[in-house]
Every structure is written in structure tokens, then in C-alpha cells.
Amino acid sequence: VTQDADLVARCLRDDPAAWDALVARYSRYVYAIIVQAFRLSDNDAEDAYQDVFLRVYDRLGSLRDPEALRPWIAQLTRRVCLDRLSSAGREEPTEAVEPPGAEQGVHDLDEAFDVHEALDALPGSCREILDRFFTRDESYRTIGEALQLPAGTIASRISRCLVKLREELEGRSGAVLGSGGKREHE
Amino acid sequence: MKTGDVPALALAEVLDRFARYVPGPGGGAAAGVVAALAASLVAKAAHASRGSWADAAGVVAQASLLRDRCVKLADADARAFAAALSALEGEDATLADRLDHAAEVPLQIADAAADVAALAAVAAESCEGAFRADSATAAMFAEAAARAAARLVEINLTVTEADARLRQAQRFVAAAAASAARALDAGR
């Protein structure tokens with residue numbers, strides 16, 4: 001049972017801690033879709049964010065495949081954003097279309113989510129060295145000093161950690177496919 | 001337009017900028033570009049060795065990041081250099097700050113170039129034989145970039161003998177030189 005399937009099962013049993021965990025797990029993802037992919041204004045973004053989680057709360061029971069929680073939430077978020085766009089500044093709501101790049105934006109956010117999850121599954125030493133090099137832009141020397149490792153070994157350590165990260169990502173995509181995993185959108 | 005014209009024009013434009021524009025990009029930016037070019041050679045050697053080298057993809061990823069870092073630093077150096085020159089020509093109250101910043105950027109270039117040299121040495125030791133010479137070339141370019149950038153730190157008007165940046169710059173050059181020697185040994 002995956003983390004998402006477990007969360008869904010617990011939420012459907014009205015476990016308050018599970019709802020908190022679900023919101024914590026997906027709050028940044030939802031917000032990123034709203035502001036990065038759909039570029040809603042600050043006010044609209046705040047309302048849309050609330051609306052998404054209200055709909056998740058109301059409709060979670062209709063989700064047929066608990067493994068597909070993330071694409072389901074993404075689809076809900078897209079619909080909420082489209083509703084906002086179609087009613088923005090109009091007395092009569094009109095059919096809205098997704099802004100250019102929105103689909104690619106959601107795809108990129110999905111990839112980032114996967115990488116983030118895979119990173120979380122790596123040993124702490126790998127997480128730290130990859131974060132320092134790729135996110136914090138630290139040099140081999142700075143990383144070596146901080147982690148008390150010989151600077152000459154840092155490049156090879158990063159490469160080995162990237163291999164582990166790729167294995168983790170491949171394992172995850174294999175697990176999704178292995179679970180019958182077509183991604184269900186409601 | 002024939003295939004291949006676009007890269008040729010782009011390179012010509014870059015070279016023109018170095019040759020014609022004053023203040024424009026100077027030695028620090030050139031060091032950044034050379035280090036970026038070295039990182040590209042490392043990426044190529046690793047990419048071509050994916051079939052025989054387990055760490056190759058990881059080295060490609062690191063080389064790509066280092067290349068981007070060096071390009072950004074080259075741009076930052078051109079800006080810092082222009083700002084410092086402009087301050088030197090006028091009576092600018094921010095002169096000391098601008099000069100100080102103009103020393104900071106080449107120090108970062110020397111640091112990044114030392115990393116490129118280190119990665120080039122790793123590539124030279126493990127990539128496929130046909131690409132060892134490219135990796136060794138990359139290491140020598142990176143060492144030269146580190147040396148040039150360190151020299152710019154040294155001659156900056158705000159850097160004194162006691163300045164810690166001077167010793168840092170020298171350490172980066174020593175590290176880059178050691179990596180280049182490793183890469184050359186591996187290529188023999």
C-alpha cells in the first residue's frame with residue numbers, strides 16, 4: 001500500500017491526522033499549480049487554494065483508485081483554476097481555456113514532486129550532498145569542508161547518489177505501472 | 001542558411017563582444033567562458049562513455065550544472081567589471097564597494113573552475129579511451145581559467161597581502177593544477 005493509498009483510506013475513516021497529513025503533503029503542489037501553471041492573482045490564488053481542499057474533502061469518496069490521488073488532486077486544481085479564470089471580471093461566466101504552458105507547467109510540477117519524493121527515500125548523506133550541490137550551488141570544496149569529506153571524492157559521491165536517485169525514480173514509476181497504474185482523473 | 005551557420009554566428013558574436021565592446025566583458029568573463037567550455041568537454045566525454053561507465057550520467061549532470069554556473073559568473077563578472085570601470089572614471093562614492101565586488105566574482109570563477117578541473121580529472125580516469133584527451137584538455141582549460149581569475153583577484157585594488165581572498169584564490173589554483181596533473185596522467 002502506497003503512502004497515498006494509506007492516506008486516502010485513513011481520510012475516508014475520518015482520521016483527522018490523516019487529513020492534516022494530506023494537506024501537508026499536497027499544499028505546496030496545489031499552490032504551485034495555481035500560481036505557476038495558471039498564474040492566478042494572489043487573491044484568486046488564496047481562494048482557489050481553499051476551494052481545492054474543500055472539494056478534496058467533499059469528493060474524496062468518489063476517487064476510484066486511491067493510488068491516483070495526486071493526478072486526481074491535479075485535475076481538481078485545474079478545474080478550480082479554470083472556474084476562477086472563466087468568472088474573473090465577468091458578470092456572465094464564459095468558458096475558459098488553460099493559459100499557454102499550463103499543461104507543461106503541471107507536468108513539470110509532477111516531475112518535481114517525484115524527484116522530491118525520491119530524494120526523501122535516499123539515505124540522508126545522499127540527500128544532503130545532492131541538495132548542497134544542485135540546490136544550494138555549493139562547490140566541492142565547500143561541501144567537503146561542511147561534511148568533513150575529502151574534496152577530491154565529492155564528484156564521485158554525487159554521481160553515485162544520482163545513480164541511487166535514478167534507481168529510486170525508476171522503481172517508483174515501475175511500481176505505479178505494476179499497480180495497474182493508469183492515472184485516473186476522477 | 002547552411003546547417004552550422006547559427007552556432008558559428010553565435011560564437012562570432014561572443015568573440016566580437018570580447019574584442020570590440022568597451023568596457024564589455026574582460027579577462028574575468030573570458031575565464032568564466034573558458035571554464036564553461038571545459039565543463040562542456042567533460043559532459044561530452046562522460047556522455048559518450050555511458051555504456052561503459054556507471055557514473056557517467058552523474059558526471060554529465062554535474063558538468064551541465066557547472067557549465068551553467070560558469071556562464072552566469074562570466075556574465076556577473078562582465079557587469080561587475082563595467083561597474084568598477086565606470087566608478088573609477090568618475091568620482092563615485094561607491095568605488096570601494098564596486099571594486100570589492102569586482103574581486104569577489106573572479107574568486108567565484110576560480111572556485112568553479114577548480115571544480116570543473118576536478119570533474120575533468122574524474123572523467124579522464126574513467127571515461128572511454130577515445131575521450132581521455134578531451135577530458136585532459138578540459139582540465140587544462142579549467143586550470144588556466146582558475147589561474148587567470150585568481151590573478152584578477154590578486155591585482156584588484158582592494159585586495160591586500162593580508163586579504164583572505166588572496167589565499168583562497170591561491171588554493172583554488174593549486175587544486176585545479178593538481179586535478180589537471182591527474183587528468184594528464186590518466187591520458188598517458
Side-chain angles (χ1 to χ4, degrees), chain A residues 36 104 107-174, chain B residues 35 39 42-43 46 49-50 53-70 72-73 76 107-127 135 138-139 142 146 167-176 178-183:
Chain A
Q36 289 177 32
Q104 184 63 42
H107 175 76
D108 291 347
L109 289 167
D110 268 324
E111 277 196 350
F113 194 102
D114 286 335
V115 171
H116 190 77
E117 291 243 293
L119 274 171
D120 277 348
L122 293 184
S125 56
C126 269
R127 268 203 313 274
E128 173 142 29
I129 205 165
L130 293 179
D131 179 53
R132 283 178 179 274
F133 187 74
F134 288 101
T135 310
R136 294 191 239 168
D137 253 357
E138 289 183 358
S139 68
Y140 297 145
R141 173 190 53 85
T142 305
I143 295 170
E145 284 171 3
L147 304 183
Q148 297 182 312
L149 296 169
T153 67
I154 302 298
S156 297
R157 285 171 191 267
I158 291 173
S159 290
R160 285 196 291 274
C161 288
L162 284 171
V163 169
K164 285 183 186 168
L165 180 64
R166 187 171 62 189
E167 287 168 356
E168 184 64 35
L169 279 165
E170 285 171 354
R172 279 164 192 273
S173 60
Chain B
V42 175
S49 307
R50 282 173 306 165
W53 182 20
D55 286 350
V59 170
V60 173
Q62 292 176 73
S64 301
L65 181 134
L66 287 172
R67 186 187 69 186
D68 291 349
R69 194 180 288 173
C70 290
K72 283 181 193 156
L73 286 170
L107 184 67
Q108 292 172 31
I109 291 173
D111 195 4
D115 279 358
V116 174
L119 198 60
V122 170
E125 287 167 348
S126 302
C127 74
S135 301
R167 288 190 299 282
Q168 271 185 316
Q170 286 159 355
R171 276 203 298 272
F172 298 149
V173 172
S179 296
R182 260 177 68 197

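The most heavy-atom pairs under 4.5 Å with chain B, out of A:Val163, A:Asp137, A:Thr142, come from A:Asp137.
Residues B:Ala61 and A:Phe134 approach most closely at O-CE2, 4.0 Å, considering heavy atoms. Nearest heavy-atom pair across A:Ser159 and B:Gly58 is OG-C, 3.5 Å.
Because its NZ or CZ atom is both nearer than 6.0 Å to the ring centre of A:Phe133 and within 45° of the ring axis, B:Arg69 counts as a cation-pi partner of that residue.
Shown here are the side-chain contact (heavy atoms from CB on, under 4.5 Å) partners of B:Asp111, two or more places apart in sequence or in another chain: A:Ser139, A:Arg141, B:Phe172.
For B:Gln62 (side chain) and A:Ile158 (main-chain N/O), no donor-acceptor pair under 3.5 Å exists by modelled atom type.
With a 4.5 angstrom heavy-atom cutoff, B:Val59 touches chain A via backbone and side-chain atoms both. If you measure heavy-atom distances from B:Ala114 to chain A, you find no contacts under 4.5 Å at all.
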